[in-house]
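Report on the following structure.
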Amino acid sequence: MKLGYKPAYTMPLFLSLALRRSAAAFTPQITRIRPFSSTANNLLPTTSLHAPPLTDRRNRRHFATVAPESSKTQSQSSSSSSSSSSPPDDDELPTNESDPNLLRIRHSSAHVMAMAVQRAFPEAQVTIGPWIDNGFYYDFYFPETTDAETGETIPSRKLTDADLKKVKKQMDKIISKNYPITREEVSREEAMKRINAINEPFKLEILEGIKTEPITIYHIGDEWWDLCAGPHVETTGKIPKKAVALQSVAGAYWRGDEKREMLQRVYATAWNDVAELKRYKKMMEEAKKRDHRTLGTKLGLFSIQEDAGGGLVFWHPKGSAVRTEIENFWREAHVDNGYDIVYTPHIANIELWKTSGHFDFYQEGMFDQMDVENEEYQIKPMNCPFHCLMYKDELRSYRDLPFRWAELGTVYRYERSGTLHGLMRVRGFTQDDAHIFCLPEQLQSEIVAVLDLTESILSRFGFSKYDIMLSTRPDKSVGGDDIWDAATKALVGALEEKGWAYGIDEGGGAFYGPKIDLKIRDAIGRTWQCSTVQCDFNLPDRFDMEYVSAEGTRERPIMVHRAIFGSIERFFGILVENCAGDFPLWLAPTQLKLLPVTDAVKDYCKEVSRKAAKRGIRVEVDRGDERLAKQIRNAEQQRVPIMAVVGVKEMDSGKLAVRSRKEGDLGMWDVDDLLNEIDESIDQAEEMVKMGEVEVKEEKQTDSE
């Protein structure tokens with residue numbers, strides 16, 4: 001069975017004005033991308049749009065963190081329907097989607113690496129070698145061999161760092177030779193004959209999975225070839241060898257099946273030039289500092305308790321405080337935008353999952369069933385069938401539609417232990433799920449409203465740059481041409497109404513409907529898949545969902561699945577890495593920390609703490625058993641945004657000596673003035689514009705501390 005899926009003194013006018021510089025609110029910057037088809041080799045160009053920001057709306061308060069230059073560069077007016085184009089940020093690295101030549105470089109580099117491995121280690125057998133977001137990988141099988149002289153069995157090779165250096169030298173030689181990379185078409189029989197001749201059994205399995213003919217082969221010179229659909233550069237010399245780096249080796253089962261052979265996966269990265277490679281390496285160094293798993297432990301946010309099972313998240317008090325703020329904001333935003341909040345069970349009879357089709361098509365991602373009074377029940381991997389049942393509670397009229405039902409629903413999915421990764425890939429997680437049931441003529445306006453809400457919510461958390469992809473009808477699908485065409489037209493119309501650029505993934509939609517996927521770009525330039533909007537023609541049929549039309553006929557509603565965060569867990573991980581654990585004031589698990597200089601002021605600190613807590617401010621009082629410098633250091637290491645030093649002088653005057661982690665000393669404040677300022681800053685979330693831009697430094701512990 002699968003397991004565990006202000007100041008008291010008079011502030012000078014010039015200082016007051018300086019501290020209240022305006023903070024800008026942003027509309028998303030849609031990055032320049034060119035779409036590519038996942039089913040064809042041709043790369044299709046498209047236009048792009050950079051949506052300019054809104055004008056400044058509000059004043060920055062004492063605890064805001066907007067850099068002056070940030071306000072200046074993002075202060076132009078905007079029009080959501082603008083068709084003007086701006087270049088992407090210079091600091092953004094190219095992607096496979098935005099740079100067709102880079103994709104070719106990576107794909108060809110994968111072939112060159114495989115050729116180099118087999119040159120260096122002739123016993124190696126190749127399997128698959130795709131390009132990925134930041135490079136490529138190739139999986140190799142190293143069988144046991146026999147010593148020709150002694151007849152002894154030699155265990156299969158385990159690649160080391162020294163082996164990777166050897167492989168890279170071979171790659172450089174292959175690139176320097178400038179071998180032609182040529183495409184050949186052969187029959188299935190000829191391909192099979194050639195594979196058998198070189199004794200590559202994994203290629204036979206790959207060949208069996210290719211359903212189209214003729215079979216395409218790519219050659220490097222006359223020495224090496226592989227089954228491949230392309231695309232590639234013309235010659236190996238087109239690969240910038242100094243911009244290619246081998247990174248690591250990991251284990252991977254063939255076809256992801258733990259009962260099959262264990263392969264060795266070599267990860268690598270490739271770029272257009274050395275400058276891009278250096279920028280990528282710098283980004284990776286920064287990413288290591290921001291790793292949410294490390295920060296989650298260091299800041300006491302969450303843990304994965306292996307004694308309870310892998311992939312199950314334990315939210316600690318500080319992490320729970322942040323999560324609560326996220327969820328409260330999410331609920332409020334949805335209610336304000338016409339959604340009803342619903343709750344559904346965590347398990348259901350297996351017959352529900354058979355009706356929905358999940359049992360037949362998603363069984364590998366589901367946990368085993370449990371017996372309940374001789375009936376089988378399934379812990380839920382999805383929320384949508386429950387919403388369908390609620391819709392069917394009564395016969396609906398066209399006048400009732402649309403329904404918008406939103407749920408923070410916890411689901412459980414089986415993931416192999418080797419695929420689990422912090423909060424990014426877990427077995428139990430909470431989807432910010434919502435389903436819309438609407439009339440066909442309402443679809444486009446509903447999609448626009450979803451995109452508006454997505455923009456509003458993500459921008460609150462500091463995410464303003466998106467990559468957007470429209471995925472169209474795949475070869476295997478349900479529903480007729482008319483409904484697919486109408487739904488795709490509605491999605492396109494919604495994107496155009498928003499004035500957003502998008503790529504097209506031809507044939508990349510779900511079998512039940514077209515979709516829009518949105519990736520957010522974080523503070524160091526990485527993209528993360530979060531939001532999705534999907535039309536569904538399947539579940540309304542399976543659940544026989546109907547409404548009575550104006551003409552009195554029974555019709556099927558359009559169902560729309562949509563999520564903004566994707567899941568709370570994954571979004572939280574992205575958020576931690578985006579801001580390096582340095583949450584803005586409104587999200588910080590501890591917003592104010594009182595630092596008593598002497599035991600004599602501890603009762604005063606408790607009094608201030610109670611007053612702050614009554615306002616909903618998250619406050620802590622330091623134990624006070626360390627010297628003041630250490631208390632300040634500890635609070636800063638815990639990313640506490642506001643500290644108040646409390647001595648006898650402050651207690652006698654009823655004031656606090658206030659320090660901002662990001663802006664330094666702010667002087668003496670009356671308690672009520674300080675709490676009012678914190679309240680207002682929290683309400684307006686004024687720090688969000690600067691979120692993620694705080695420099696991350698390695699922290700060293702000195703012997704004297």
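Computed from heavy atoms alone, side chains included, the values below leave out hydrogens, waters and symmetry copies. Remember, predicted model here, so these are calculated numbers, not experimental data.
In summary, the side chains of Thr235 and Asn178 do present a donor paired with an acceptor at a separation below 3.5 Å, with no hydrogens or angles considered. Checked by atom type, the side-chain pair Tyr512/Gln534 shows a donor-acceptor distance below 3.5 Å. Side chains of Thr532 and Lys515: a donor-acceptor N/O pair is absent below 3.5 angstrom, by distance only. Using a 3.5 Å distance cut-off with no hydrogens or angles, the side chains of His219 and Thr182 do not pair a donor with an acceptor. A donor-acceptor contact closer than 3.5 angstrom links the side chains of Glu205 and Trp254.
Rounding to the nearest 0.5 angstrom, the gap separating the CG atom in Asp522 from the CD atom in Glu286 is 10.0 Å. Expressed to the nearest 0.5 Å, how far CG of Leu204 lies from CD1 of Ile195 amounts to 5.0 Å. Here the CZ-CD distance, from Arg293 to Glu577, works out to 8.0 Å after rounding to the nearest 0.5 Å. A distance of 4.0 Å separates NE2 of His107 from NE2 of His232, quoted to the nearest 0.5 Å. Here CD1 of Ile239 is found 9.0 Å from CD1 of Ile174. Values are rounded to the nearest 0.5 Å. Remark: Asp139 CG to Arg255 CZ distance equals 10.5 Å, nearest 0.5 Å.
Side chain of Arg279 to backbone of Glu92: a donor-acceptor contact under 3.5 angstrom is found. Panel note: side chain Asn96, backbone Ile132; a donor-acceptor pair is recorded below 3.5 Å. With hydrogens and angles ignored, the 3.5 Å screen pairs a side-chain donor or acceptor of Thr236 with a backbone N or O of Tyr179. Ser109 places a side-chain N or O within 3.5 Å of a backbone atom of Ile105 that can act as its donor or acceptor partner. Side-chain atoms of Asp432 come within 3.5 Å of backbone atoms of Gly566 as a donor-acceptor pair (strictly under, hydrogens ignored). In this structure, the side chain of Asp226 does not engage the main chain of Cys228 through any donor-acceptor pair within 3.5 Å. With hydrogens and angles ignored, the 3.5 Å screen pairs no side-chain donor or acceptor of Thr216 with any backbone N or O of Glu185. The closest donor-acceptor contact from the side chain of Arg416 to the backbone of Gly256 lies under 3.5 Å. Within the 3.5 Å criterion, the main-chain N or O of Val233 finds a donor-acceptor partner in the side chain of Ser108. A donor-acceptor pair under 3.5 Å links the side-chain atoms of Arg570 to the main chain of Gln529, judged by distance alone.
Here the shortest heavy-atom pairing between Gln170 and Ala120 reads CG-CB, 4.4 Å. Leu102 approaches Ala270 most closely through the heavy-atom pair CD1-O, 3.5 Å. Across all non-hydrogen atoms, the minimal contact from Ala243 to Asn272 is CB-C, 4.4 Å. Met262 and Ala252 make their closest contact through SD-N, 3.3 Å (heavy atoms, listed as atom of the first residue, atom of the second, distance). Heavy atoms only, all atoms of each residue included: Tyr137 and Arg265 are closest at CE1-NE, 3.3 Å. Considering all non-hydrogen atoms of both residues, Phe537 and Ala487 come closest at CZ-CB, 3.4 Å.
Between Phe142 and Val117 there is a side-chain heavy-atom pair separated by less than 4.5 Å. At least one side-chain heavy atom of Leu451 sits less than 4.5 Å from a side-chain heavy atom of Trp500. Inter-residue side-chain proximity for Trp271 and Asn134 is flagged as met; some heavy-atom pair is nearer than 4.5 Å. Using a 4.5 Å cut-off on side-chain heavy atoms (C-beta onward), Phe463 and Leu575 make contact. The side-chain heavy atoms of Phe571 and Leu423, taken from C-beta on, include no pair separated by under 4.5 Å. Between Pro201 and Asn199, some side-chain heavy-atom pair lies under the 4.5 Å cut-off. Counting heavy atoms from C-beta outward, Ile524 and Arg290 have side chains that approach closer than 4.5 Å. A 4.5 Å side-chain heavy-atom check between Leu159 and Phe121 finds at least one atom pair inside the cut-off.
When the shell of 6.0 Å around CE of Met424 is examined, it contains more than 12 heavy atoms from other residues, nucleotides or ligands. Enclosure of atom NZ in Lys238 is not indicated, since only 12 or fewer non-hydrogen atoms of other residues, nucleotides or ligands lie within 6.0 angstrom.
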Go through it in stages, so that I can follow the logic: the residues are Glu261 and Thr127, the test is side-chain contact (heavy atoms from CB on, under 4.5 Å), and I'd like the CA-CA distance, side-chain angles, deciding distance and then a yes or no.
CA-CA 11 Å; Glu261 297 87 346; Thr127 61; over 6 Å; no
Given Asp485 and Lys489, is the salt bridge (charged side-chain N to carboxylate O under 4.0 Å, His left out) satisfied, shown in steps?
CA-CA 6 Å; Asp485 291 345; Lys489 183 178 179 181; over 6 Å; no
Derivation of the side-chain contact (heavy atoms from CB on, under 4.5 Å) call for Met171 and Val244
CA-CA 9 Å; Met171 290 181 68; Val244 178; 3.9 Å; yes
For the pair Lys281 and Gln247, evaluate side-chain contact (heavy atoms from CB on, under 4.5 Å) and give the outcome as yes or no after the intermediate values.
CA-CA 11 Å; Lys281 287 183 175 180; Gln247 296 174 295; over 6 Å; no
Starting from the C-alpha separation in whole Å, work towards a yes-or-no answer on side-chain contact (heavy atoms from CB on, under 4.5 Å) for Tyr138 and Ile128.
CA-CA 6 Å; Tyr138 225 111; Ile128 58 171; 5.7 Å; no
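The only option from Gln118, Arg194, Gln125 that meets the side-chain hydrogen bond (donor to acceptor under 3.5 Å, both in side chains) definition with Glu200 turns out to be Gln118.
Between Asp161 and Lys165, none of the side-chain N atoms (NZ, or NE/NH1/NH2) sits under 4.0 Å from a carboxylate O, so this pair counts as no salt bridge. Electrostatic pairing of Asp163 and Lys158 does not count as a salt bridge here, judged by no charged N lying under 4.0 Å from a carboxylate O. Using a cutoff of 4.0 Å between basic side-chain nitrogens and carboxylate oxygens, Asp257 and Lys259 are not scored as salt-bridged. We find that Arg473 and Asp481 are joined by a salt bridge, their nearest charged nitrogen and carboxylate oxygen being less than 4.0 Å apart.
Taking the six-membered ring for Trp and the full ring otherwise, the centers of Phe461 and Phe565 sit less than 6.0 Å from each other.
Relative to the six-membered ring of Phe136, Arg106 misses at least one condition, a distance below 6.0 Å or an angle of at most 45° to the axis. Geometric assessment of Lys203 against the ring of Trp224 yields a positive cation-pi assignment under the 6.0 Å and 45° thresholds.
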